[in-house]
Structures are given as structure tokens and as C-alpha cells.
Amino acid sequence: MTHAYRTHNCGQLRAEHAGSTTRISGWVHRVRDHGGVLFLDVRDHYGLTQVVADPASPAFKVVETLRSEWVVRIDGQVRNRLAGTENKDMPTGLIEVYATEVEVLSQAAELPLPVFGDLDYPEDIRLKYRFLDLRREKIHNNIMTRTKVVSHLRNTMNDIGFSEFSTPILTASSPEGARDFLVPSRIHAGKFFALPQAPQQYKQLLMVAGFDKYFQIAPCFRDEDPRADRLPGEFYQLDLEMSFVTQDELFATMEPVILELFNTFKGDKTVRADVPRIPHSEALCKYGSDKPDLRNPIEMQAVTEHFAGSGFKVFAGMIAADPKVEVWAIPAPKGGSRAFCDRMNSWAQKEGQPGLGYIYFTPAEPSQEDRPATGHDYDAKGPIAKNIGPERVHAIKNQLGLKYDDAVFFVAGRPEKFYRFAGDARTIVGKELALTKENEFAFAWIVDFPFYEWSDEDKKVDFGHNPFSMPQGGMKALQEQDPLTIKAFQYDMVCNGYEIASGSIRNHSPETMVKAFEITGVTKAEVEERFGGMYRAFQFGAPPHGGMAFGVDRLVMLICGVNNLREITLFPMNQQAQDLLMGAPNDPTPKQLRELHIRLNLPEN
RNA sequence: GCGGAAGUAGCUCAGUUGGUUAGAGCGCCGCCCUGUCACGGCGGAGGUCGCGGGUUCGAGCCCCGUCUUUCGCGCCA
């Protein structure tokens with residue numbers, strides 16, 4: 001036998017190998033000991049193979065001692081399983097290996113986390129014993145999918161003419177945006193590097209340097225609190241930038257890349273080919289979110305006029321008191337039952353809202369004597385219907401295109417205060433009524449983000465998203481328009497309710513950039529100081545350029561059909577931004593601190 | 001920083017109105033079993049009920065505090 005550990009892997013042997021000898025190595029996945037005959041499932045990266053031993057085998061005594069997750073080398077004969085004992089569910093299920101010699105390569109202590117099975121286990125144990133967790137079939141497959149997705153993206157980007165560049169990890173702190181991770185400089189006492197939040201300025205400099213089409217699977221670092229769809233500390237982006245492009249050309253370049261990616265990895269799901277472009281303001285009104293889930297067909301509408309001056313005093317009063325108050329309607333097709341409307345109302349109250357107004361429609365019941373004589377073929381039910389009267393109800397029903405069996409929910413107030421709640425209600429209605437197509441990937445571009453927004457905290461105009469993006473209308477808009485009405489060439493791509501990419505056409509004109517910052521109260525001198533490298537670069541011939549960055553982790557999360565990034569990340573940190581496996585962050589040694597000229601000033605306790 | 005949820009055996013969980021010695025499955029240890037693939041059978045070990053305090057004759061259960069994990073808000077150009 002010339003191979004020290006294996007002639008075949010554990011997913012390889014088939015009926016055609018029956019009669020030959022083999023050597024396999026792997027983990028003991030499962031033991032089934034029948035006394036006289038004993039089965040092992042031996043597992044490696046490639047699959048599972050059943051190994052069998054009986055008292056006639058010289059390996060029997062060793063096999064009897066094996067336990068889960070020991071690492072073994074098995075020599076034996078490949079043979080067909082006995083008629084009737086084949087396992088059709090296993091690729092190797094027609095054969096088994098009759099063990100003639102077994103060597104224990106490594107033993108395993110009692111497991112804190114079973115590898116076998118598909119239960120959920122506590123996050124802290126999974127993370128502390130991540131190497132065991134990663135042996136488990138589901139997450140092992142997720143990680144491999146991630147690797148294939150990254151490889152696919154890299155190949156595609158190369159194929160369509162992009163060049164991959166690595167940009168520095170140790171860089172300068174950028175005063176805008178997220179909290180930086182700082183790295184102390186040993187050579188320059190008291191000075192710090194920052195880890196990049198994104199390669200934003202570097203990729204723009206690459207455009208100024210004439211490289212035309214850049215991409216990078218780039219690590220990004222942000223010291224902000226995490227979410228289920230936002231990793232603490234570090235994450236990866238497919239970062240890209242192009243010179244001499246318009247927003248439309250960027251969409252035309254990247255839309256096929258993403259659709260092809262999802263079509264390659266969609267499994268049994270479907271990918272919607274149509275990628276609508278939805279203005280940011282329209283997304284908020286129709287979907288109550290700037291990252292709408294378009295698998296949900298519900299579109300909201302304003303129905304303020306039907307409530308103004310109506311007999312439903314709560315809404316009518318709000319409208320009369322404040323011209324900015326609107327009433328939005330959330331149609332709920334097939335939701336026309338008292339039980340469903342009550343359930344939604346309870347949900348709203350649990351969310352801290354006073355309730356969720358509704359009307360639901362049923363087929364007319366002419367026999368019912370106290371039914372108002374509306375002349376319509378439906379009955380409208382619920383307190384609101386009674387209060388506003390049949391004519392207003394009918395107008396609402398017509399505007400929304402509702403039928404009997406349908407319901408409609410109402411939220412009222414200033415849209416900026418309630419749009420998120422309305423969007424959540426839309427999501428719940430879509431799920432509860434099974435309107436949301438769970439087995440689909442539905443994309444959209446969200447465009448025309450506001451360039452500026454009002455900061456309540458600072459009582460001033462501030463950048464909405466990216467200060468480097470180009471205001472629509474350029475310098476003229478900055479000089480002449482109310483800043484809060486200016487749109488940016490700034491866009492997101494969304495999929496199934498997740499923001500999967502964000503980007504913009506950049507502002508490559510130093511004069512426009514200075515003006516844009518001036519409106520937020522930042523002087524020219526400050527711009528030159530904070531963004532010195534880029535500001536200088538733009539003095540020497542900057543091409544018009546733009547780009548975007550896709551969240552690789554989120555793409556993989558969607559593709560794998562999980563709702564937590566830890567399921568698709570090799571060694572994630574926990575929510576407190578700790579690596580429980582490696583024990584990071586940890587204490588520096590006194591020598592390290594001395595060399596870095598750092599003295600700790602820790603809080604009490 | 002704020003709010004919700006969870007924390008009982010190595011793991012997943014049950015535990016009634018506050019009442020005898022805190023249970024089950026998996027795993028572990030021992031014995032039995034020649035065709036299983038979540039093998040089966042018998043027996044055993046294994047517990048600071050997250051931690052601290054309080055109420056009570058009596059607390060896994062009630063109260064207060066605290067820690068850990070998680071989800072969300074703030075935050076994330």
C-alpha cells in the first residue's frame with residue numbers, strides 16, 4: 001500500500017469498486033455495535049462510507065473501542081452490501097468496507113457539541129468549539145458555498161474586464177462614517193493607523209491613477225455593534241469602481257453578474273429576472289423601507305384625503321392639526337376576517353402602537369336586516385367603516401382595488417415617524433397571508449437617495465449617505481436648490497429585504513466637493529485636511545467615476561437561505577465582538593505597551 | 001447606552017399551585033446483541049437548577065440585583 005492515509009476518500013467508493021482493497025481515513029461519524037457485527041460511518045470532507053467489522057476480522061478488537069469523532073485509518077475490502085441492506089440515501093450506500101486493519105490516528109474527548117445531527121446549539125459553545133461546529137454537515141456545506149461564491153464572483157469580474165487590486169489594511173483614520181479600529185504605531189509615538197472601513201478612497205485614487213476598472217474581495221473593518229445581518233468588527237465586500245461611467249452603465253454591468261450568481265447557486269429557488277429601479281422616496285411610500293422585500297406583492301398607498309374631515313375622529317383630528325400628517329393604507333388581500341384583523345391589531349399593540357385600524361370586506365348578506373343600505377355587493381366591517389361611512393369606504397376600496405374577502409389596515413401620523421412600523425406591518429401581512437413568495441430571489445435598485453438630510457441631533461444639514469457621491473444637478477443644484485431636495489447619484493441594490501450593495505457616482509470635481517461640504521458646515525480647509533490625499537488627487541485630472549460594493553457575507557447568507565451571518569462565516573465573533581475560540585481581544589503584555597508608548601486608563605470596576 | 005427573550009446533567013429539553021430523593025432523550029462508562037444506517041436491550045456514573053441576595057417552615061419555581069448568550073433600537077459616511 002503506497003498511500004500512507006488513503007487510496008480513496010469517504011465519498012468516492014461505488015459498486016464498481018467491489019472486490020478491490022481500499023484504504024480510507026476520516027472521522028468516526030457514528031457507531032452501530034451489534035455485538036457480533038459492528039458498523040462505523042467514516043466521514044471526511046467528501047462524504048460518508050460504511051465500514052463493517054465482525055469477529056473474524058483482525059481489526060475487530062480495535063473497532064470495538066472506537067468512539068465518535070476519533071480519527072482513524074481503515075484498510076479493508078470494498079464489497080457490495082447484502083441484498084436488502086443497501087442505503088439508497090447515501091451516495092456510497094451500495095457498498096461497504098470490510099475492515100481488515102484499523103489504526104487510531106487521533107482520539108477525541110467527550111464532545112461539548114455533537115457533530116452528528118442537526119439541532120441548534122448555544123452560540124457560545126459553537127464559537128468556542130468552532131472546529132467541531134464546522135465539521136457539521138450544514139455549516140460545512142455553507143462554508144463551501146461561500147468559497148464557491150467568492151470564486152465565482154472573482155472569475156466573473158476578471159472575465160468582464162475588471163482587475164483585482166489589494167489596497168492597504170493599515171491606513172489613515174477617516175473622520176466620517178463608522179467608528180474606526182485603531183492600530184498604534186510603534187515608530188511614531190502617539191500616532192495610530194486605522195483599519196479601512198472600506199477601500200473607498202483607495203479605489204477612487206486607482207481611478208485617478210488610470211486603472212479604469214477595479215475590483216477587490218475586500219476586508220472591511222468597522223467598530224460598530226452588530227446585527228444578525230451585520231457582523232461585528234470585520235466583513236467582506238465585493239468592492240468595485242469604474243471610470244467614465246454613468247449610473248445606468250454601472251447597473252448594466254453589475255446586474256447580470258448578480259443575476260448570474262444567483263442563478264448559479266439558486267438551488268430549487270427561482271430568480272426574478274426583472275430588477276426594477278425604485279426611487280428612494282417611492283420605496284418608503286410603497287413598502288415602508290429603503291430595502292423592500294419585493295417577494296411580498298403588497299404596495300401601500302396614501303389615503304389621507306378619505307379620512308380628512310371624516311367621522312373617524314382620531315385620524316381626522318390628526319390631519320386637521322398637522323398638514324404633514326398622512327394616512328397610509330396597507331392592503332391585505334384575502335385577509336378579510338375578524339380573526340386576522342384582531343391578530344394584526346394585537347401585534348401592533350405589542351409593538352407599542354395604540355393599535356392598527358382596519359376595514360375588512362365580506363360578501364354582502366342581504367338577509368341581514370341591520371346592514372346599511374349601501375347598494376354595494378359587499379359589507380365593510382370594523383369600527384372605522386362605521387365611522388367614516390359607506391361612501392368613503394367605497395372610495396378607499398376602489399382606490400386600492402380591494403375585493404370582498406380582503407382587508408385593509410391604516411396607519412396615521414407623520415410618515416417619517418411611522419413608515420418603519422408600516423413597513424413591518426406590510427411584512428407581517430405578507431407572511432401571515434402567505435403572499436410573500438418564500439422560494440424566490442427578488443432584486444431591485446433603490447435610486448435617488450437624498451443627498452442631504454436634516455440632523456435633529458446636530459441641528460444642521462448633513463450628508464444622507466456618502467459625502468463623495470455626486471449631487472444630481474452638480475454645482476448648479478448645490479448653489480440654487482434647497483439642500484434637502486437635492487438627490488444624489490447614490491443607489492443600493494436590495495434582495496428579499498436585505499441591502500446587498502451600495503454605491504454611487506462619485507463627485508470628482510474639487511470645487512463641487514468643497515461646496516457640498518460647505519453646506520454641511522465643513523470648510524474648504526477642513527476638507528483639504530481630512531481628505532488630503534483624495535482632494536489633492538482631484539487637482540490633477542480625475543476621470544468621472546463611480547462604483548459600488550456588495551456585501552459578500554449577505555450574498556452568501558441569502559444563497560444559503562439562513563438568516564444569521566454566523567452560519568456562513570468561518571470564525572465569527574460573538575455579539576460582544578469577542579473571538580471565543582482564539583480568546584480575542586486579550587491583554588497586551590507590559591512590553592508591548594511600553595514599545596507602543598501606551599499607558600492604559602481603564603474605567604473603574 | 002436602551003428594550004425583549006433565554007440560561008436546569010457534556011448536549012437538547014421537561015419540571016404542575018412554592019412541598020419527599022430534580023427527570024427524559026442523546027452522549028459517556030459497564031454488560032448483552034451477526035445487518036444496522038437516529039440500531040436495539042439491561043445497568044451505572046454524571047446536577048452549586050448561571051451567580052448573589054431576599055420572602056418563606058420550605059425556592060429550580062416568587063421578588064430584587066447581577067452575569068452570560070441572543071434578537072432588536074441607538075449606531076452602521
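Protein chains get the first letters and strands the later ones, always in sequence-line order, with residue 1 at the start of each.
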Salt bridge or not for Lys460(A) and Asp462(A), using N-O below 4.0 Å?
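Counted as a salt bridge, because a side-chain N and a carboxylate O are separated by less than 4.0 Å.
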
Which is more 5' along RNA chain B, the nucleotide nearest Phe39(A) or the one nearest Arg179(A)? Just name the residue.
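In this pair, the answer is Phe39(A).
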
Please compare Pro112(A) and Val31(A) by the position of their nearest nucleotide in RNA chain B and report the one closer to 5'.
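The residue closer to the strand's 5' end, by nearest nucleotide, is Pro112(A).
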
Which residues pass the salt bridge (Lys or Arg N to Asp or Glu O under 4.0 Å) test with Arg420(A), not counting sequence neighbours?
none

According to salt bridge (Lys or Arg N to Asp or Glu O under 4.0 Å), who are the partners of Arg179(A), at least two apart in sequence or on a separate chain?
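Arg179(A) satisfies salt bridge (Lys or Arg N to Asp or Glu O under 4.0 Å) with Glu224(A) once adjacent residues are dropped.
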
Among [options], the nucleotide that comes nearest once only the side chain of [X] is considered:
{"X": "Gln50(A)", "options": "rA38(B), rG35(B), rC75(B)", "answer": "rG35(B)"}
{"X": "Pro55(A)", "options": "rU34(B), rC73(B), rA38(B)", "answer": "rU34(B)"}
{"X": "His34(A)", "options": "rC11(B), rC33(B), rU70(B)", "answer": "rC33(B)"}
{"X": "Arg566(A)", "options": "rC37(B), rU70(B), rC11(B)", "answer": "rU70(B)"}

Identify whether any heavy atom of [X] sits under 4.0 Å from a base atom; if not, whether one sits that close to sugar-phosphate; answer base, sugar-phosphate or nothing.
{"X": "Asp223(A)", "answer": "nothing"}
{"X": "Glu69(A)", "answer": "nothing"}
{"X": "Leu82(A)", "answer": "base"}
{"X": "Leu111(A)", "answer": "sugar-phosphate"}
{"X": "Arg506(A)", "answer": "nothing"}

When rounded to the nearest Å, what value does the distance between [atom1] atoms of [N] and [M] take?
{"N": "rG58(B)", "M": "rG1(B)", "atom1": "P", "value": "38 Å"}
{"N": "rG23(B)", "M": "rG46(B)", "atom1": "P", "value": "13 Å"}
{"N": "rG52(B)", "M": "rU8(B)", "atom1": "P", "value": "15 Å"}
{"N": "rG60(B)", "M": "rU20(B)", "atom1": "P", "value": "10 Å"}
{"N": "rC13(B)", "M": "rC73(B)", "atom1": "C1'", "value": "31 Å"}
{"N": "rA45(B)", "M": "rC28(B)", "atom1": "C1'", "value": "9 Å"}

Output yes when at least one side-chain N/O atom of [X] is less than 4.0 Å from OP1 or OP2 of [N], else no.
{"X": "Gln576(A)", "N": "rU69(B)", "answer": "yes"}
{"X": "Arg554(A)", "N": "rC76(B)", "answer": "no"}
{"X": "Asn87(A)", "N": "rC37(B)", "answer": "no"}
{"X": "Gln578(A)", "N": "rU69(B)", "answer": "yes"}
{"X": "Arg81(A)", "N": "rU36(B)", "answer": "no"}
{"X": "Asn564(A)", "N": "rC71(B)", "answer": "yes"}
{"X": "Arg227(A)", "N": "rC73(B)", "answer": "yes"}
{"X": "Arg32(A)", "N": "rU36(B)", "answer": "no"}

Please state how far atom [atom1] in [X] lies from atom [atom2] in [N], giving the value in whole angstrom units.
{"X": "Phe421(A)", "N": "rG72(B)", "atom1": "CZ", "atom2": "C1'", "value": "16 Å"}
{"X": "Arg30(A)", "N": "rC26(B)", "atom1": "CZ", "atom2": "P", "value": "9 Å"}
{"X": "Glu224(A)", "N": "rG72(B)", "atom1": "CD", "atom2": "P", "value": "16 Å"}
{"X": "Glu64(A)", "N": "rU34(B)", "atom1": "CD", "atom2": "P", "value": "12 Å"}

With [X], which residues qualify under side-chain contact (heavy atoms from CB on, under 4.5 Å), at least two apart?
{"X": "Glu432(A)", "value": "Phe340(A), Arg343(A), Ile428(A)"}
{"X": "Ser243(A)", "value": "Met207(A), Asp212(A), Pro543(A), His545(A)"}
{"X": "Pro168(A)", "value": "Tyr202(A)"}

For the residue pair Arg30(A) and Phe116(A), would you count it as a cation-pi contact if the rule is NZ or CZ under 6.0 angstrom from the ring centre and within 45 degrees of the ring axis?
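So Arg30(A) does make the cation-pi contact.
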
Side-chain ([X]) to main-chain ([Y]) donor-acceptor, under 3.5 angstrom:
{"X": "Thr49(A)", "Y": "Cys10(A)", "result": "yes"}
{"X": "Thr520(A)", "Y": "Val461(A)", "result": "no"}
{"X": "Tyr498(A)", "Y": "Leu555(A)", "result": "no"}

Set of side chain to side chain donor-acceptor pair (under 3.5 Å) partners for [X], sequence neighbours left out:
{"X": "Arg135(A)", "answer": "Glu69(A)"}
{"X": "Asn296(A)", "answer": "none"}
{"X": "Tyr98(A)", "answer": "Asp54(A)"}
{"X": "Arg536(A)", "answer": "none"}

Quiz question: by atom type and distance under 3.5 Å, do the side chains of Glu526(A) and Thr523(A) form a donor-acceptor pair?
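Result is yes, a qualifying pair exists.
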
Under the 3.5 Å rule, do the base of [N] and the side chain of [X] count as making a donor-acceptor pair?
{"X": "Asp225(A)", "N": "rC75(B)", "answer": "no"}
{"X": "Glu96(A)", "N": "rG35(B)", "answer": "yes"}
{"X": "Arg420(A)", "N": "rG72(B)", "answer": "no"}

Would you tabulate the pairs of protein nitrogen or oxygen atoms and nucleotide nitrogen or oxygen atoms of nucleotides 28-32 of chain B closer than 3.5 angstrom?
| from | atom 1 | to | atom 2 | distance (Å) |
| --- | --- | --- | --- | --- |
| rC29(B) | OP2 | Arg67(A) | NE | 2.8 |

Check each residue of residues 118-126 of chain A for a non-hydrogen atom within less than 4.0 Å of any atom in RNA chain B, then write out the ones that pass by number, or none.
Asp120(A), Tyr121(A), Pro122(A), Glu123(A), Ile125(A)

Looking at RNA chain B, which of residues 228-242 of chain A put a heavy atom within less than 4.0 Å of it?
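Of all residues in residues 228-242 of chain A, the ones placing a heavy atom under 4.0 Å from RNA chain B are Ala228(A), Arg230(A).
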
Whom does [N] pair with, Watson-Crick or G-U wobble, provided both distances fall under 3.5 Å?
{"N": "rC11(B)", "answer": "rG25(B)"}
{"N": "rC33(B)", "answer": "none"}
{"N": "rG65(B)", "answer": "rC51(B)"}
{"N": "rG3(B)", "answer": "rC71(B)"}
{"N": "rC57(B)", "answer": "rG19(B)"}
{"N": "rC76(B)", "answer": "none"}

For residues His280(A) and Tyr491(A), establish whether the separation of their ring centroids is below 6.0 Å.
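Ring centroids of His280(A) and Tyr491(A) are no less than 6.0 Å from each other.
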
